[in-house]
Number of protein chains: 2
Amino acid sequence: MIISDNLKMYVQKLRSSNLRPTKQRLKICQFLFDRKKTFHFTVETLNKKINKNGTTKVSLATIYNTVEAFTSAGYLKEILTSKNKSYYDTNIKSHHHFYDEGSKELTDIHYSQIKLSKVPVPPKGKKIKNLEVVIRIQK
Amino acid sequence: MIISDNLKMYVQKLRSSNLRPTKQRLKICQFLFDRKKTFHFTVETLNKKINKNGTTKVSLATIYNTVEAFTSAGYLKEILTSKNKSYYDTNIKSHHHFYDEGSKELTDIHYSQIKLSKVPVPPKGKKIKNLEVVIRIQK
DNA sequence: ATCTAGTTTATAATAATTCTAAACTAGAAA
DNA sequence: TTTCTAGTTTAGAATTATTATAAACTAGAT
Ligand SMILES: [Mn+2]
Ligand SMILES: [Mn+2]
Ligand SMILES: [Zn+2]
Ligand SMILES: [Zn+2]
């Protein structure tokens, strides 16, 4: 799988989610998905990186809109870890994380690296939506 | 252990943490700790409940200050679960939670009810600070 | 009774996010 | 092609949770 010039692929992908392939969305797609490793970010960090190079700017509102749209479309996963900032993850498979309280960074833990040998039954009428563990670490 | 008129006890407790036993703090202590079961709350809900009865009001700033002071003193535990609101817990023992995405309420899971038979080693130089699981549930 | 550090409070400030509404554009249709 | 329109982008305002500020108040030591 070639990692550059995936533009056509992203156009397809966006169209298949009823999202118009605008230049802003394609730019963000390339930035987020033209990479081999998981990428964890906040809107703040994404905004900085997208708008680093002196090229045409993407507005903060569009960064918010796009991250929301990509999350709804299933291209991104939101990771609930910090009380005052949303984190997002390009790895949409079910998996766990270390969250470093010092650097405020997330690191993937493969799903198989944590084994839950006993899990309680949810209250009646409710079902488990998500069981991903965040292990908080520090120095 | 009698559940009413624990005032003297709270006075001691506060003094032992170098917190003056003001009437606001005692009122909040009584509200939070004069109960047998775990209580989970946000500052918003606590503020409403403390100021429900037409008695003298405790300001929102004091609610924030007190929750912060009680958390630092170890009377309360902060539960990181929601991206835009802090949750607190009168149960300061290590334990797990269900978080209902519909009602936005926490329910305790006793520590022994979840067994982690395999846990990854943290990155070198880092140690695990907290390993409490939040299981997200919904209808 | 006096004094002072700690506390409370109203209010302002901040930070993350969402909303609004006007300008812009992708792409379907004429 | 040009026209048209729903979808999109954008700057800026609004909202929400929280923290900071600074003046008034008070616990409790002296
Ligand atoms: Mn916040
Ligand atoms: Mn927020
Ligand atoms: Zn991840
Ligand atoms: Zn609890």
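Throughout, a chain's letter reflects where its sequence line sits, starting with A, and its residues are numbered from 1.
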To the nearest angstrom, the CG-P distance between B:Asn84 and D:dT18 comes to 8 Å

Provide, to the nearest angstrom, the distance between the CG atom belonging to B:Asn51 and the C1' atom belonging to C:dT8.
-> 13 Å

Among side-chain atoms of A:Glu78 and A:Thr71, is any donor-acceptor pair under 3.5 angstrom?
-> no

A:Tyr64 OH to D:dT8 C1': how many Å, rounded?
-> 19 Å

Identify, between B:Leu60 and B:Leu19, the residue whose nearest nucleotide on DNA chain C lies closer to the 5' end.
-> B:Leu19

Expected output: side-chain A:Tyr75 to main-chain A:Lys13 donor-acceptor under 3.5 Å | yes

Residue pair B:Asp108 / B:His40, side-chain donor-acceptor N/O under 3.5 Å | yes

Taken to the nearest whole Å, CZ/B:Phe70 to P/C:dT7 is 11 Å

A:Ser86 side chain near C:dA16 phosphate (N/O to OP1/OP2, under 4.0 Å) = no

Heavy-atom nearest nucleotide on DNA chain C taken for A:Asn65 and for A:Glu44; more 5' hit belongs to A:Glu44

Please give, in whole Å, the distance from D:dA17 C1' to B:Lys48 NZ?
-> 13 Å

Please tabulate, for the side chains in residues 98-106 of chain B, all donor-acceptor contacts under 3.5 angstrom to protein atoms that are two or more places apart in sequence or on a different chain.
| residue | atom | partner | partner atom | Å |
| --- | --- | --- | --- | --- |
| B:Asp100 | OD1 | B:Gly102 | N | 2.7 |
| B:Asp100 | OD1 | B:Ser103 | N | 3.1 |
| B:Asp100 | OD2 | A:Lys126 | NZ | 2.6 |
| B:Glu101 | OE1 | A:Lys129 | NZ | 2.5 |
| B:Ser103 | OG | B:Glu105 | N | 3.4 |

Just to confirm, is there a sub-4.0 Å distance from OP1 or OP2 of D:dT9 to any side-chain nitrogen or oxygen of A:Thr22?
-> yes

DNA chain D nearest-nucleotide lookup for B:Val11 and A:Ser59: closer to the 5′ end is A:Ser59

Side-chain donor-acceptor pairs under 3.5 Å in residues 114-123 of chain B, sequence neighbours left out?
| residue | atom | partner | partner atom | Å |
| --- | --- | --- | --- | --- |
| B:Ser117 | OG | A:Lys115 | O | 3.3 |
| B:Lys118 | NZ | A:Ser112 | O | 3.3 |

Flag, side chain of A:Asn6 to backbone of A:Gln30, donor-acceptor distance under 3.5 Å | no

For D:dT10, does either OP1 or OP2 sit under 4.0 Å from a side-chain N or O belonging to A:Thr62?
-> yes

Nearest-angstrom distance from the residue atom CD1 of B:Ile63 to P of C:dT9 | 9 Å

Within this structure, what is the CG-to-C1' distance between B:Asn47 and C:dT8, rounded to whole angstrom?
-> 14 Å

Under 3.5 Å, side chain of B:Thr90 to main-chain N/O of B:Phe39, donor-acceptor pair present?
-> yes

Contact check, residues 23-31 of chain B vs DNA chain C, heavy-atom distance under 4.0 Å, returns B:Gln24, B:Arg25

Would you tell me if any nitrogen or oxygen in the side chain of A:Arg15 comes within less than 4.0 Å of OP1 or OP2 on C:dG27?
-> yes

Could you give the OH-to-P distance, from B:Tyr87 to D:dA17, as a whole number of Å?
-> 10 Å

